[in-house]
Participant: 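I have a structure I would like to understand better, so I am pasting it below and will then ask my questions one at a time.
Quantities reported herein were computed from a predicted structural model and do not represent experimental measurements. Per chain, numbering begins at 1; letters A, B, ... match sequence-line order.
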Amino acid sequence: MQDIMINEILASDPTKPVLIAGPTASGKSDLALEIATRSGGVIVNADALQVYENWRILSARPSKNDEDKAPHSLYGHISWDQDYSVGEWLRDVRILLNGDNRLIIVGGTGLYFTALTQGLADIPPTSQEIRETANKLLAQHGIQHLLNALDDETRAAIDVQNPMRVQRAWEVLTQTNRSIVDWQRTTPAPILRLDRALPILFDIEKDILNGRIETRFQKMIELGALEEVRENYDRWDPTLLSSKAIGAPELIAYLAGETTLDDACTRATIATRQFAKRQRTWFRSKMGLWRRYSPHAK
RNA sequence: GGCGGGUUGGCGGAGAGGUUACGCACCGGAUUGCAAAUCCGUGUAGACCGGUUCGAUUCCGGUACCCGCCU
């Protein structure tokens with residue numbers, strides 16, 4: 001099964017980028033590496049946290065050894081205190097797409113793949129000032145306050161109970177004077193149409209995946225996750241995107257003496273499992289046309 | 001052996017004679033720019049047996065188990 005799939009990919013039209021999506025701990029990076037080493041191409045990261053330079057172990061980024069075997073892109077290229085988002089990722093990928101190498105895009109961030117193959121509204125990035133104002137307004141006056149500033153159409157279109165969604169709508173309107181739904185209505189064509197790519201979705205039985213997740217965090221600890229987190233201890237800022245890496249807040253809490261290592265591991269494992277569930281939900285609902293790949297099936 | 005307290009959904013943990021406590025986990029879902037984020041939804045649980053009552057998880061009695069104190 002596995003070999004058939006790989007052979008098919010190796011024999012496929014080399015102008016088509018290979019897309020590999022899948023939940024954490026599914027082994028998708030291994031597949032990407034195998035394809036890259038056997039047929040060439042550059043492996044491109046499609047994971048929101050593997051872009052961070054400071055979390056090689058925690059974000060399960062390819063090892064230096066792996067990186068020597070094939071060219072890798074968009075891994076660890078963002079520093080710990082920088083913002084990053086789908087928009088920037090898309091800009092990064094567009095540049096690579098225009099290059100000569102075949103792209104093997106791998107990752108677990110469903111939003112990235114959806115934006116890549118279905119398009120993303122061309123909204124200018126939110127300025128730092130507006131972001132901070134929004135944060136402040138939300139914290140001080142609550143979600144309703146931001147909601148009141150929106151137009152009816154937007155209010156009807158977004159999840160008004162979700163502060164993130166409401167804040168985003170508010171930020172877009174405030175910054176561009178145009179509602180987010182209006183922007184979305186004029187979403188440009190995707191950078192890469194699905195039929196111009198080879199989209200593969202790792203489809204792993206829940207119990208099997210949970211079994212792998214169960215041992216995953218312990219392995220990270222053995223690889224030195226604790227040291228990695230310790231290096232970030234003094235500059236720790238929980239509001240940064242990079243601080244959202246699963247395991248980071250948990251291990252920071254342990255280093256701060258707020259909990260035991262055992263408890264930190266348990267909570268990180270739970271968070272990983274929950275994350276995988278959300279990924280599955282995304283894949284199920286938005287990636288129906290992707291070719292399923294079940295390497296662990298018996 | 002005696003006296004007292006306790007026994008609530010997977011776990012933690014409340015109140016009330018007749019509405020869903022709640023939190024966590026689990027499961028399902030949403031999600032076009034912080035997405036490893038954020039949010040939404042789902043639980044006939046009340047140790048067991050009997051009684052009182054129109055109605056008991058809530059009152060009464062007994063049984064079992066647990067925890068104290070006493071002999």
Participant: For B:U19 versus B:U58, give the span between their P atoms, rounded off to a whole number of Å.
Facilitator: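 The answer is 14 Å between these two P atoms.
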Participant: Could you list the residues that satisfy side-chain contact (heavy atoms from CB on, under 4.5 Å) with A:Thr215, not counting sequence neighbours?
Facilitator: A:Lys219
Participant: At under 4.0 Å, does any side-chain N or O of A:Lys286 touch on OP1 or OP2 of B:A30?
Facilitator: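 No, because none of the side-chain N or O atoms of A:Lys286 sits under 4.0 Å from OP1 or OP2 of B:A30.
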Participant: Rounding to an integer number of Å, can you tell me how far A:Met287 CE sits from B:U32 P?
Facilitator: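 Result: 14 Å.
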Participant: So A:Leu97 and A:Pro17, do their side chains get closer than 4.5 Å, heavy atoms only?
Facilitator: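 Yes, close enough: below the 4.5 Å cut-off.
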Participant: Taking the side chain as C-beta and beyond, is there a heavy-atom pair between A:Val51 and A:Arg61 under 4.5 Å?
Facilitator: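 No. Closest side-chain heavy atoms not under 4.5 Å.
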Participant: Determine the Euclidean distance between corresponding C1' atoms of B:A35 and B:G29; express it in Å to zero decimal places.
Facilitator: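 Their C1' atoms lie roughly 16 Å apart.
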Participant: Report, as yes or no, whether the 6.0 Å neighbourhood of atom CZ on A:Arg193 holds more than 12 heavy atoms from other residues, nucleotides or ligands.
Facilitator: no
Participant: Side-chain donor-acceptor pairs under 3.5 Å in residues 157-169 of chain A, sequence neighbours left out?
Facilitator:
{"residue": "A:Asp159", "atom": "OD1", "partner": "A:Gln161", "partner atom": "N", "Å": "3.0"}
{"residue": "A:Asn162", "atom": "OD1", "partner": "A:Met164", "partner atom": "N", "Å": "3.0"}
{"residue": "A:Gln167", "atom": "NE2", "partner": "A:Glu171", "partner atom": "OE2", "Å": "2.9"}

Participant: Rounding to an integer number of Å, can you tell me how far A:Arg178 CZ sits from B:U32 P?
Facilitator: 17 Å
Participant: What interatomic distance, in whole Å, is found between P of B:C65 and the corresponding atom of B:C48?
Facilitator: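 Their P atoms lie roughly 16 Å apart.
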Participant: Using the C1' atom on both, measure B:A36 against B:A45 and round to a whole Å.
Facilitator: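 To the nearest whole Å, 34 Å.
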Participant: Within a 6.0 Å radius of atom CZ on A:Arg196, are there more than 12 heavy atoms belonging to other residues, nucleotides or ligands?
Facilitator: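 Counting other residues, nucleotides and ligands, CZ of A:Arg196 stays at 12 neighbours or fewer.
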Participant: Between B:U57 and B:G6, how many Å separate the two C1' atoms, rounded to a whole number?
Facilitator: 15 Å
Participant: Can you name the nearest heavy-atom pair linking A:Lys28 to A:Gly22, along with the distance?
Facilitator: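 In this case the closest contact between A:Lys28 and A:Gly22 is CE-O, 3.1 Å.
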Participant: Rounded to whole Å, how long is the line connecting atom CD of A:Gln184 with atom C1' of B:U31?
Facilitator: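 To the nearest whole Å, that distance equals 11 Å.
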Participant: Mark yes or no for whether A:Glu228, through its side chain, and A:Ile57, through its backbone, hold a donor-acceptor pair below 3.5 Å.
Facilitator: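 Checked: pair present.
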Participant: Can you check the distance between B:C40 and B:C24, where both ends of the measurement are the P atom (answer in whole Å)?
Facilitator: 11 Å
Participant: Taking only the C1' atom of each, what is the distance from B:C22 to B:G46 in whole angstrom?
Facilitator: 16 Å
Participant: Please assess A:Glu132 against A:Lys136 for the test salt bridge (charged side-chain N to carboxylate O under 4.0 Å, His left out), listing each intermediate value before the final yes or no.
Facilitator: CA-CA 6 Å; A:Glu132 279 167 16; A:Lys136 209 169 295 170; over 6 Å; no
Participant: If I compare all heavy atoms of A:Val42 with all of A:Ser73, which pair ends up nearest, and what's the gap?
Facilitator: CG2-CB, 3.9 Å
Participant: With distance as the sole criterion, do the side chain of A:Thr187 and the base of B:U32 form a donor-acceptor contact below 3.5 Å?
Facilitator: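 Yes.
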Participant: I'd like to know if the side chain of A:Gln279 reaches the main chain of A:Gly108, judged simply by a donor and an acceptor atom lying under 3.5 Å from each other, with no hydrogens or angles considered.
Facilitator: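 Looks like yes, one N/O pair under 3.5 Å.
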Participant: Inspect the surroundings of CG in A:Asp262 and state if more than 12 heavy atoms from other residues, nucleotides or ligands are less than 6.0 Å away.
Facilitator: no
Participant: Between protein and nucleic acid, restricted to nucleotides 11-13 of chain B and to nitrogen or oxygen atoms under 3.5 Å apart, what atom pairs and distances do you find?
Facilitator:
none

Participant: So which heavy atom on A:Ala225 is nearest to which on A:Leu58, and how close?
Facilitator: CB-CD2, 4.1 Å
Participant: From CG of A:Leu120 over to P of B:U31, roughly how many Å is that when rounded to an integer?
Facilitator: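 Atom-to-atom, A:Leu120 to B:U31, this comes out as 15 Å.
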Participant: Closer than 4.0 Å, any side-chain N/O of A:Ser285 to the OP1 or OP2 of B:A30?
Facilitator: yes
Participant: Using a 4.0 Å heavy-atom cut-off across all strands, classify A:Arg185 as base, sugar-phosphate, or nothing.
Facilitator: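 Nothing, no heavy atom under 4.0 Å.
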Participant: Are A:Lys69 and A:Glu34 ion-paired here, with the side-chain N under 4.0 Å from a carboxylate O?
Facilitator: no
Participant: Which whole number of Å gives the distance between the C1' atom of B:U42 and that of B:A30?
Facilitator: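 Comparing C1' positions in B:U42 and B:A30 gives a spacing of 15 Å.
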Participant: Using Watson-Crick or G-U wobble pairs with both distances under 3.5 Å, give me RNA chain B in dot-bracket, 5' to 3', with [ ] for crossers and | for pairs to another strand.
Facilitator: (((((((..(((.....[...)))..((((.......)))).....(((((..]....)))))))))))).
Participant: Can you tabulate the close N/O pairs, meaning under 3.5 Å, that link protein atoms to atoms of nucleotides 24-26 of chain B?
Facilitator:
{"residue": "B:A25", "atom": "OP1", "partner": "A:Gln274", "partner atom": "NE2", "Å": "3.1"}
{"residue": "B:C26", "atom": "OP1", "partner": "A:Arg273", "partner atom": "NH1", "Å": "3.3"}
{"residue": "B:C26", "atom": "OP2", "partner": "A:Gln274", "partner atom": "NE2", "Å": "2.6"}

Participant: Step by step, would you call A:Trp290 with A:Phe283 a ring pair (Phe, Tyr, Trp, His ring centres under 6.0 Å)?
Facilitator: CA-CA 9 Å; A:Trp290 290 49; A:Phe283 300 154; 8.0 Å; no
Participant: Encode nucleotides 34-41 of chain B as B, S and - characters from 5' to 3', where the letter depends on protein heavy atoms closer than 4.0 Å: B to the base, S only to sugar-phosphate, - to neither.
Facilitator: BBBSBSS-
